[in-house]
8 protein chains.
Amino acid sequence: MAKKEKNTIYQLDEIDLKILTHLSNSSKTSLNQLSNILGIPVSTVFARIKKLEEKGIIDKYTLSVDPKKLGFNVTAIINFSVEGSHIEEFEKQISNHPNVLFLYDITGDFDVIAVTRFRNIEELDYFIKNVLKNPYVKRTITNIALRVVKESYPHVPLLIE
Amino acid sequence: MAKKEKNTIYQLDEIDLKILTHLSNSSKTSLNQLSNILGIPVSTVFARIKKLEEKGIIDKYTLSVDPKKLGFNVTAIINFSVEGSHIEEFEKQISNHPNVLFLYDITGDFDVIAVTRFRNIEELDYFIKNVLKNPYVKRTITNIALRVVKESYPHVPLLIE
Amino acid sequence: MAKKEKNTIYQLDEIDLKILTHLSNSSKTSLNQLSNILGIPVSTVFARIKKLEEKGIIDKYTLSVDPKKLGFNVTAIINFSVEGSHIEEFEKQISNHPNVLFLYDITGDFDVIAVTRFRNIEELDYFIKNVLKNPYVKRTITNIALRVVKESYPHVPLLIE
Amino acid sequence: MAKKEKNTIYQLDEIDLKILTHLSNSSKTSLNQLSNILGIPVSTVFARIKKLEEKGIIDKYTLSVDPKKLGFNVTAIINFSVEGSHIEEFEKQISNHPNVLFLYDITGDFDVIAVTRFRNIEELDYFIKNVLKNPYVKRTITNIALRVVKESYPHVPLLIE
Amino acid sequence: MAKKEKNTIYQLDEIDLKILTHLSNSSKTSLNQLSNILGIPVSTVFARIKKLEEKGIIDKYTLSVDPKKLGFNVTAIINFSVEGSHIEEFEKQISNHPNVLFLYDITGDFDVIAVTRFRNIEELDYFIKNVLKNPYVKRTITNIALRVVKESYPHVPLLIE
Amino acid sequence: MAKKEKNTIYQLDEIDLKILTHLSNSSKTSLNQLSNILGIPVSTVFARIKKLEEKGIIDKYTLSVDPKKLGFNVTAIINFSVEGSHIEEFEKQISNHPNVLFLYDITGDFDVIAVTRFRNIEELDYFIKNVLKNPYVKRTITNIALRVVKESYPHVPLLIE
Amino acid sequence: MAKKEKNTIYQLDEIDLKILTHLSNSSKTSLNQLSNILGIPVSTVFARIKKLEEKGIIDKYTLSVDPKKLGFNVTAIINFSVEGSHIEEFEKQISNHPNVLFLYDITGDFDVIAVTRFRNIEELDYFIKNVLKNPYVKRTITNIALRVVKESYPHVPLLIE
Amino acid sequence: MAKKEKNTIYQLDEIDLKILTHLSNSSKTSLNQLSNILGIPVSTVFARIKKLEEKGIIDKYTLSVDPKKLGFNVTAIINFSVEGSHIEEFEKQISNHPNVLFLYDITGDFDVIAVTRFRNIEELDYFIKNVLKNPYVKRTITNIALRVVKESYPHVPLLIE
């Protein structure tokens, strides 16, 4: 008895969180700038970022693109009900589609939920009709977003604890 | 009659798309590296990125953070039904919450859908109970994600057209 | 006992139906053209149309307009659940709105269903948010049409019986 | 980069709208009458209508028929859930049926919604039972209209902008 | 044109209605008693009842039995969703079952609704499991009645008009 | 311990059941006829019926009326969701309405279900709009019967056990 | 006629109930302790317990285990919709699974409901995906418990009557 | 950074599990019996049980009671939708009711789910009508169990790992 479970979960202190918050707003901020803003030595900033990268907490440096500027006016949340034994296969297939931004295997009325983005309703129609040709998809419900209220970068809550 | 509607929507050519794709995978890729990979002069790469920035297509440089490493094990998709005249006010309020990653005003059975992330079920419970104290929230349904299948950066389909 | 109920319902014969069908496809078809096409005297065509007008079967001469040409790209079917004692008042109010094409008081999960048409999703959003300010509207579900498959003129089945 | 999308969408001015509104109420209104009512020369009225016809904005001249006078007392809104890969085929087939007035491919809980009109409940029953023999129709929900509140001609919002 | 539809529907006057109401409360009431109660001659009472029988308005003389006295404690309303092309066949089969009191072919979320009565929950369970062996029954929902509020004899509204 | 619960529930033997079955098909069948049909002495038939009446198993003698003959063409199953503390009050009120044939307090998605009968859709519409003026009725769903498949007299399964 | 149904149902008196209540809180309470607490002779306590055991009212002596202490943090209520003719077979199979604590065959929207307990969401996901490989399971909905409010021992209401 | 989260979760070895399994089937099994069955010294059995008790893994010794023997024939699963800010208060109140066996705060269409047990449908009706008098309960759905398939003691999966 009495072996205890261990999980390697990292807890960030206030400095880590401030660094991550600044970098997520502008990942090109220099070490010097961060040092000035946060009032800590450049070497500390460097060491901290290094650690965040090594531990895999910072997964990659990326960018945010404005969908409206590229004409992606239609955001649709699509719920899929899939035949039980083909859910994972379906998820793999559909997650390859570039119009599928976010994809979750869920516990509710449906099996899979996707946030998708298209230029217009015709493109969305074409996408859905195509997915529905998959014989394992039993049912879909599509909710078109009247407005995108928030899409944060990164995909993690960053709050001072 | 016959005035025609104009929309300033930018269409990217293949080079733009390749640049965006590379930068979204690693926004620290240098101009030289991009020049080598794509086989086009550094000056062209520079000019293209400059334009993408000026037009606001590249919105900001940011980073991707691994939720699991920080102990965010619970991803929940929450559907809210809100009293009609208070939807926008509710959306503003809830979008300030760091645990709310993505938030959409939708057309279906519910008025608002949120993708949220928490450390554990207790935190999620606390969040929901708090939201439900808002007298304009009529109903919520929470679907916990059994698995996060895909969360792409950036939030735009980047495909060669 | 034994008084029998009478309903003044007109049953059309084949000639009436053919005339109505032709006029609905092109209400500017002349009496002569109809006479030629149907192989019956002009005087008969005239008398028949006269009767159809007098009985109120032909309600009015109107026209069909192409929504796409005017930029009406978004057709939405909206279901309203309204507080019981305010349904009729709500129906009057909303039926005055030009974007509401068809409106029915129904027996199902919702009380009222409307077929609506807008230029874009923003206009639809504005319309819905406005309707939802009505305190008697308890719930709406909006289904955006991926395609308009059929919208017949006139709104009556015309088939040879 | 930077090619801009063009859509040939016509925007009507106040005169166009007034002409369309008058013709939709009575498409037999003469050029002279319109000239008098609107206070513009007959030649202008003529030219405007000509353009509206040429551009295809006026699709056809048609008529409005009173369903009650012909004994069509039952209006039913029918929702169909159809096997994914047979939706378009099903839509074609069912749109040929004269009792189907309006038909939309939608995004919600069901795949197709139809506004239908029948003489009585027996006719509606016969229609539904027939449709249900199609093996690709998985489910239907029929809502009978307690009242037809509005069915506008034409199927486009005509409002002064 | 202009042939008018005729329906042989009988409208009852006040005397007919009073007779039907009395007989439905006690069909053994004698002609003399009815004559006294209603204040009309026996011969009129006789003639009226004769007509009501001949026209088939009075379908049969029957009796009301108290379910509780026979131990029928469980009343269940069962909704059936049946494969489209087998609904009528299913209805025939199930209507033969003595525990099925009332059976309707309906327009809503389900295809058939039955009011059923059983001695106890085990009997109901046995019935449902048996019905579910029919491969054309796709889904059932059973609502057990917490109370039987009203079950009128006869199955027609009898009100003075 | 060990007091045992007693229920006064009567179990019918084959003769009781046969008598009830015959009387429910024609409650005017004479004792002699029953004696002949069943092959048992008149005195026994008499004694049996007497007992069935005394125990209250035979509740009353009544009649079956044909709704179609009186023009009651619309049968609607109406589901009511009522504010919790007013369900019983609502049930009393609505059960007084002659168009409500059967009324049950149920366990499912709705609180009360009623089988109702009307001459036409307008009458049904009037009834529903009236009920909805009751502020405690939160929601109704009306399913119109496409066909009445079975409505048995009496409201008890009579089968040989 | 008139045979009366008998059920061997035991009704407990106040002493039985007090004994059961004490034993359910601590089944190791000695006869002497119970005698003292309840103020009745040891021999009576002994006799009563003996009877409760002999009649099978006390089914077995068991223990309560704290799930949190063993890391079972995820309680999920799972609803199963199963093909009609395979429900009982499915129930047998799934009830053998140790993570299934409680299992009921129900009357509602679903056929079977299970209360299940797992260490974490991954284990739950694995369980569900496995169950869904059963071709007779048509649909599942999983509700994760945000909190376990009550799980009483024993599974019977013990109240003084 | 890098403080690691610790959870005091105990993992049982095979011997612990075997002891718990035996005691849950019969908590009166003596140390000697367990020693014989498991083939380990009495002192070890004693020490193990002692630890399981001290750590709070064994929460209490209790008993299993047969509901059928006491006439509890009706098991109902009740779903409650409660006004957001009163959920916890409602849960406290209802969990005091002896007929409520299991109670969970859930994430789905409803806020609270209860497994309840009653002698008959009238008792259940009385309970529900009482709960519905609570003004914060917006909606309930009751599913009566056709069969109780499994209710395990204890409420934890005990499987050899």
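Chain letters run A, B, ... following the sequence lines, proteins first and then strands; every chain starts at 1. Computed from a predicted model, the values in this text were never measured in an experiment.
For the side-chain contact (heavy atoms from CB on, under 4.5 Å) criterion with I121(H), the lone passing option out of T75(E), V74(E), N73(E) is V74(E).
Close approach to chain E, defined as a heavy atom under 4.5 Å from one of its heavy atoms, is seen in I128(H), K129(H) of residues 128-140 of chain H, taken by number. At a heavy-atom cut-off of under 4.5 Å, chain E is reached by K68(H) from residues 61-70 of chain H, listed in order of number.
Distance CD1/I144(E) to CG/L146(H): 6.5 Å, rounded to 0.5 Å.
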